[in-house]
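Comments concern the structure below.
In what follows, residues are counted from 1 in the order of the sequence shown.
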Amino acid sequence: MRHLRSTPRLPRLAAFLAVAVLVTAACGGGSAARSLPPAPVPAAGPPPAVAGAPGQAAAVAPEDLTPPPIPRGVLAGRVTAFSTNAPLARARVILSSDPAVLPFPRVLLTEADGTFRFTDLPASDGYLLTVTKTGYAPRGFGEAPPAVPPSLIPLGQDEVKEGVVVQLATQVSITGRVLDEDGTPFAGAFVEAMRAVFDGGRRTLVTVAEAITDDRGEFRLVGIPPGQYYLSAFDPAFSNVGDKDGQLFYSPTFYPGVVFPDEATRITLDQGAVSERLEFQLKIIRPARVLGSLTTPLEFGVVKPLLAAAVILSPLRNDQFSLFTLSQAAMNPDNSFLFANVPPGRYRIQARGETEREGVTRFSVFTISLDGGDRLNADMTLSQGAVVSGIVEWDTTTGRPPVSTDDIVVRMPMEDGNDFGDAVTGYLQPGDLWSINGVMAGRHYVRVDGLPPGWYLKRVEYRGADITDVTTTFEYDQVVPDFKVVLSNRSTVVRGFVTPRGRDDVQSYAVVAFSTSPLHWTSQSRYTQLTYPDALGRYEFRGLPPGNYVVAATREVDVSDLSDPQVFDGLLRREGVSSPFSLRESQVWRQDVVPLLRTRSVDGGR
């Protein structure tokens with residue numbers, strides 16, 4: 001799996017934008033070791049000079065002329081087909097490490113029995129071993145797309161490590177045709193299959209396969225592991241262009257012919273599958289510039305200067321992804337800001353700042369929709385956020401809180417999960433008190449980050465009411481005390497196995513546990529969780545609140561779907577979802593599942 005690159009062609013596919021710029025009121029090695037050449041044979045003559053003797057060169061100790069020993073490390077293993085466990089001959093096995101350890105990657109072809117053996121390896125903290133073979137999806141050792149990246153293999157001095165096994169899944173492929181804006185076949189378009197992933201809680205895209213359309217506009221993407229994908233096409237003529245204001249980075253077109261990535265159709269493919277033949281038309285829309293400024297309101301005839309400020313441009317909804325060129329953002333000492341090369345989409349600009357140290361954080365938000373035109377008046381006035389405070393109570397099996405509470409912080413994410421709208425100040429103080437010194441106006445949940453293993457948020461109370469799973473609306477300049485947050489280690493556990501129908505890559509399935517009540521199918525719900533099983537098919541959920549649940553294993557759902565009630569309604573109707581079960585506090589429940597059956601490769605919708 002490769003993260004989207006930052007070459008001139010692909011900055012438009014960079015990860016989800018999160019540009020934060022701080023401003024102040026004032027500014028308003030060494031080379032690798034080399035073996036010495038063999039020592040020359042000395043000519044007959046007087047004995048060597050004694051070190052330190054006047055007028056004579058110091059003698060070189062014999063051990064300084066000894067070349068370092070040849071490394072004797074060994075890394076060996078076998079490559080097999082996942083579906084049959086049969087050995088795969090002539091697979092390409094690529095071994096790489098830090099250039100200081102291994103200046104160049106090494107490559108071997110597997111033998112008829114699928115084995116390979118790298119010898120004379122130096123010690124390394126981590127070797128990366130990847131395998132490719134025609135007809136199969138490439139895979140790194142320990143990798144389990146989409147959730148588990150390749151594992152590094154440590155090797156000690158002269159260590160012999162054998163038994164490294166990599167199983168390759170039969171590839172899936174995507175075929176189709178790209179048309180120009182006038183409906184004629186487009187030759188030479190760059191076509192990419194991309195997977196949605198979460199990086200730091202943000203939804204972004206990574207490229208897993210790419211192709212170029214032929215003279216008929218047709219393409220075929222191969223070597224793809226089973227999973228969910230988005231398809232995009234790009235006109236290379238717009239890969240390195242500009243105007244009077246500088247370079248322009250045009251965004252791609254997504255299947256089925258849309259420029260807003262949140263409107264793209266997701267394609268789900270099982271092992272060995274070939275997608276329906278997909279056809280879509282390019283759209284070429286100039287990227288936009290967004291110019292604006294930050295200020296504070298007039299207070300007692302004075303506008304207070306900002307000591308620090310941050311501005312981000314993000315999708316209108318937190319579960320959407322946005323393709324944006326990070327390098328084209330700038331902020332000036334006068335608190336004006338510029339986002340350049342913004343692709344078409346629906347965005348919100350969020351800003352926050354402080355006018356005094358450790359003061360109340362100020363906020364503002366600006367919503368825009370861009371389809372090629374510049375926006376030059378995104379001016380924002382920062383208002384003082386609400387101050388929210390309360391206490392933490394402990395509901396424990398021992399009567400004691402966890403040993404360390406240093407990392408526990410009470411947060412106020414917005415209704416859609418956006419975490420830019422509160423000051424990260426809610427750490428526990430003496431007496432288990434907490435205070436958030438600034439919350440943006442709007443609807444927020446109360447949540448807790450940094451909980452030790454085994455602890456979970458049991459309840460949130462405000463003025464005697466349980467508000468754990470409902471939002472609270474805050475206004476600017478409010479002071480809202482008396483929240484009570486109850487944390488418990490009486491955690492529930494749901495665990496089991498995913499048993500595939502036949503031999504299949506079980507780690508490519510997402511396992512979803514969710515409440516049977518539609519009232520809990522909301523963003524930020526505690527009643528929904530998603531995880532991925534290990535190589536044996538084992539999965540586990542901890543901290544689900546008491547209630548009634550079902551569990552499903554599927555390739556058609558990712559974390560962003562957990563805020564979509566239609567997804568849960570559809571899962572309940574599918575063959576393979578578990579029978580409902582009731583979960584009590586502290587209960588450990590075993591629930592084995594088989595993957596859901598699917599009938600189509602193109603899901604439709606997000």
Side-chain angles (χ1 to χ4, degrees), residues 1-5 9-17 137 145-147 171-179 189-199 202-213 219-235 249-270 273-283 285 314-325 343-346 508 510 530 554-564 567 598 600-606:
M1 179 183 294
R2 300 170 305 221
H3 279 278
L4 297 178
R5 299 156 295 179
R9 184 169 67 86
L10 284 178
R12 64 189 188 282
L13 297 180
F16 174 94
L17 169 72
Q171 71 175 17
V172 301
S173 61
I174 302 174
T175 62
R177 185 168 70 148
V178 176
L179 304 177
F190 292 112
V191 183
E192 295 181 313
M194 295 173 288
R195 173 181 284 137
V197 298
F198 281 80
D199 184 8
R202 304 292 188 182
R203 198 170 192 233
T204 184
L205 292 172
V206 293
T207 299
V208 296
E210 54 191 5
I212 298 176
T213 57
F219 64 87
R220 185 167 185 261
L221 294 156
V222 298
I224 306 173
Q228 304 175 69
Y229 299 96
Y230 293 88
L231 194 64
S232 74
F234 181 72
D235 181 350
F249 298 120
Y250 282 76
S251 62
T253 302
F254 293 89
Y255 176 79
V258 296
V259 292
F260 295 161
D262 53 292
E263 295 178 353
T265 294
R266 185 167 52 192
I267 304 162
T268 303
L269 296 174
D270 292 323
V274 178
S275 76
E276 304 171 21
R277 190 172 182 275
L278 308 177
E279 182 175 288
F280 61 110
Q281 196 169 4
L282 280 174
K283 294 183 183 298
I285 300 179
S314 62
L316 198 57
R317 291 207 322 264
N318 198 54
D319 60 348
Q320 296 172 349
F321 47 72
S322 178
L323 309 177
F324 190 89
T325 301
R346 290 176 283 272
S508 64
L530 182 145
T554 176
R555 288 195 179 107
E556 302 169 63
V557 174
D558 65 26
V559 176
S560 66
D561 294 312
L562 298 185
S563 60
D564 188 348
V567 169
R598 282 194 317 103
R600 299 192 68 228
S601 62
V602 180
D603 298 343
R606 226 183 24 85

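Here Phe190 and Phe234 keep their ring centres 6.0 angstrom or further from each other.
Counting only heavy atoms from C-beta outward, the side chains of Lys283 and Phe254 never approach each other to under 4.5 Å. Looking at heavy atoms from C-beta onward, Glu263 lies in side-chain contact with Arg346 at the 4.5 angstrom threshold. Annotation: side chain of Phe219 is not in contact with side chain of Thr175 (no heavy-atom distance under 4.5 Å). When side chains are defined from C-beta on, Thr265 does not count as touching Val258, because their heavy atoms never get closer than 4.5 Å. Between Leu269 and Ile224 there is no side-chain heavy-atom pair separated by less than 4.5 Å. Contact annotation: the side chain of Gln171 approaches that of Val222 to within less than 4.5 Å [non-hydrogen atoms, C-beta and beyond]. Counting heavy atoms from C-beta on, the side chains of Gln228 and Asp558 come closer than 4.5 Å.
Ion pairing of Asp561 with Arg266 is present here, as a side-chain N (NZ or NE/NH1/NH2) and a carboxylate O approach within less than 4.0 Å.
A donor and an acceptor atom, one from each side chain of Thr213 and Arg177, are nowhere located under 3.5 Å apart.
Taking OH of Tyr255 as the reference point, atom CD1 of Ile267 lies at 6.5 Å (rounded to 0.5 Å). Between the CE atom of Met194 and the OH atom of Tyr230 there is a distance of 10.0 Å, given to the nearest 0.5 Å.
Across all non-hydrogen atoms, the minimal contact from Gly227 to Arg555 is N-CD, 4.1 Å. The two residues Leu282 and Ala233 have their closest heavy-atom pair at CD2-O, 3.6 Å. Contact detail for Pro344 and Ser251: the closest heavy-atom pair is CD-OG, 3.3 Å. The two residues Arg220 and Ala211 come nearest to each other via the heavy atoms O-CB, 3.8 Å.
No option in Leu231, Leu221, Thr207 other than Thr207 meets the side-chain contact (heavy atoms from CB on, under 4.5 Å) test with Glu192.
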Stepwise side-chain contact (heavy atoms from CB on, under 4.5 Å) test for Tyr229 and Val208: CA-CA 9 Å; Tyr229 299 96; Val208 296; 3.4 Å; yes
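With sequence neighbours excluded, the residues forming a side chain to side chain contact (heavy atoms under 4.5 Å, CB included) with Ala137 are Pro225, listed by chain and number.
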